[in-house]
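For reference, the structure is listed below as structure tokens.
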Protein chains: 2
Amino acid sequence: MAAGKDDLDAYGIPVVPAPAGAASRKRRAIVDAALTEFLAEGYSAASMDAVTARSGVSKATVYKHFGSKERLFLAVIGDVLRKTCADLEPAGQAIAAAPDLRSALVRLTTDRARILLRPDVMALRRLVIGEIDRFPQLGRLWCRVGHDVDDGPLVEALTALDARGDLAVPDPKLAARQLVAATVGVPQLVRTFSPEAEIDEAELERVIGSGVDLFLARYATGA
Amino acid sequence: MAAGKDDLDAYGIPVVPAPAGAASRKRRAIVDAALTEFLAEGYSAASMDAVTARSGVSKATVYKHFGSKERLFLAVIGDVLRKTCADLEPAGQAIAAAPDLRSALVRLTTDRARILLRPDVMALRRLVIGEIDRFPQLGRLWCRVGHDVDDGPLVEALTALDARGDLAVPDPKLAARQLVAATVGVPQLVRTFSPEAEIDEAELERVIGSGVDLFLARYATGA
DNA sequence: GTCTATACCGCGATAGAC
DNA sequence: GTCTATCGCGGTATAGAC
């Protein structure tokens, strides 16, 4: 049992450190192959044989690196989830300082929608939702990094706008959820059940814009 | 190959007629056991052995009735999905005639939320989402009977209200999606990633009421 | 229609040479 | 670290008696 092999991060997902050097390339190949396999088949139907075949290494090597199918799944999905959604981090910080609030909200929600609606992110989301009972840690991780439920920076920005009088938001946490639901949530729901649906750019802009208008009609001050 | 064994309904889901009599009880036991097993384990990890054990019949009987794991899954999930969401059918018909529009919208969305947020319905939803790639028919079926994406009656009601001048709704289809997203969608999203979260009745009323207010702030006429 | 028993396969995980 | 070869188990589906 190597040192640090059972370390868990704040979300209960095993941290498997990547060794530098020649083995690192094989490790990368395993991770890539595993992600493809898990996204295509789901956790249970995914085969470790298929992962080894796709990655070009032997099965023993896979187990030397990750120990078990469950640890491989958590490491791979957790990593890609963190990386993919890292773009969402600097979310609502520019909102409070923006001259035109509507434009700022449209830009914020549109940027988020572009990322969250990407086919690979949607597939990852479906996989996480389907395996929630088996891996509750991934659900908690998705909520935090993807801000699918709570968005800290956005809540803070709405609170600041309320204090300044630019908006009248009695419950910023609820308002943030409503804004996200009325904008990103609408096309996201459609694509959740229709993976093959295309993203019409003009339609997306129209939906997002209408959602922001919905939000502002309720929370904008007369000023 | 019995007659009608390969009949498909409008959604591409096999229709397996239930014979009346003594065998009907066994069939019911199989369906109940299979639903429990699939909801608990997902499609791939679900075991036909576990289904037979839970239902108290032999494995051969299960295969005599349903032919394969795939057909059993489609039949069971499709049936329960239709039955569960049948309560949602008479959706927006009473809206247009209601004296108090806000109360009517709150009642409509609250009723829907109560059904869609039930733990068993949420679990079914997670299962369908996770198996969308394998069974696209279930995604299409969910969209229709659950009105998770499009709600025909609600769209018609909004169109009528717009024509009468009670609301100003330029795009009823989009408005219907926004109403659902801003009300039911908010707690639904939370519980999608947190199966164990409880439904606080007071909190639900507050969220739904706020969502309806959001909707009316945008679409209500001055009158 | 229903049962018991089993064919047959692919799975996750490991042993031991190098 | 990496390989080949294999173990043991549990999976779906079927055969044949009743």
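Basis for what follows: all heavy atoms, side chains included, without hydrogens, waters or symmetry-related copies. Convention: sequence-line order gives letters A, B, ...; per-chain numbering from 1. None of these values were measured; they are calculated from a predicted model.
In terms of the side chain to side chain contact (heavy atoms under 4.5 Å, CB included) criterion, residue partners of A/V31 (sequence neighbours excluded) are, by chain and number, A/F66, A/V76. Listed by chain and number, the residues in a side chain to side chain contact (heavy atoms under 4.5 Å, CB included) with B/D49 are B/S47, B/K59 (sequence neighbours excluded). The side chain to side chain contact (heavy atoms under 4.5 Å, CB included) test applied to A/V169 returns A/D162, A/L167, A/P172, A/A175, A/Y219, not counting sequence neighbours.
Atom NE2 of A/H65 and atom C1' of D/dG1 are 7 Å apart (whole Å). One interatomic measurement links the two molecules: CZ of B/R71 to P of D/dT12, which rounds to 17 Å at whole-angstrom precision. One can place CZ of B/F73 at 13 Å from P of D/dT12, the figure rounded to the nearest angstrom. Taking atom CZ of A/R27 as the reference point, atom C1' of D/dT2 lies 15 Å away to the nearest angstrom. For the pair A/E37 CD and C/dG12 C1', the computed distance is 14 Å after rounding to whole Å.
A salt bridge is defined here as a Lys NZ or Arg NE, NH1 or NH2 lying under 4.0 Å from an Asp or Glu carboxylate O, and B/R177 with B/D151 fails to meet this definition.
Annotation for B/A157 and B/I95: closest pair CB-CB, 4.1 Å, computed over non-hydrogen atoms. Nearest heavy-atom pair, A/V207 versus A/P187, reported as atom, atom and distance to 0.1 Å: CG1-CD, 4.1 Å.
Side-chain contact between B/V180 and B/R112 is present, with heavy atoms from C-beta onward closer than 4.5 Å.
Considering only side-chain atoms of B/Y63, the nucleotide from C/dC3, D/dT12, C/dG12 that sits closest is D/dT12. Looking at the side chain of B/K69, the nearest of the listed nucleotides C/dT2, D/dT12, D/dT2 is D/dT12. Distance from the side chain of B/K59 is smallest to D/dA13 among D/dC3, D/dA13, C/dC3.
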Would you give me the side-chain donor-acceptor pairs under 3.5 Å for residues 126-143 of chain A, sequence neighbours excluded?
unit_1	atom_1	unit_2	atom_2	d
A/R126	NE	A/T192	O	3.2
A/R126	NH2	A/R191	O	3.1
A/E131	OE1	A/R134	NE	3.0
A/R134	NH2	A/S44	OG	3.1
A/R134	NH2	B/E41	O	2.9
A/W142	NE1	A/D148	OD2	2.5

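Contact check of residues 40-54 of chain A against DNA chain C (heavy atom, cut-off under 4.0 Å) returns A/A46, A/S47, A/M48, A/D49.
Applying the 4.0 Å criterion to OP1 and OP2 of D/dC3, one finds that A/S58 has a side-chain N or O inside that range. Remark: A/S68 is not in phosphate contact with C/dG12, judged by side-chain N or O atoms under 4.0 Å from OP1 or OP2.
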What does the list of N/O pairs under 3.5 Å between the protein and nucleotides 15-18 of chain C look like, with a distance for each?
none

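No donor-acceptor pair under 3.5 Å is formed between the side chain of A/S210 and the backbone N or O of A/R206.
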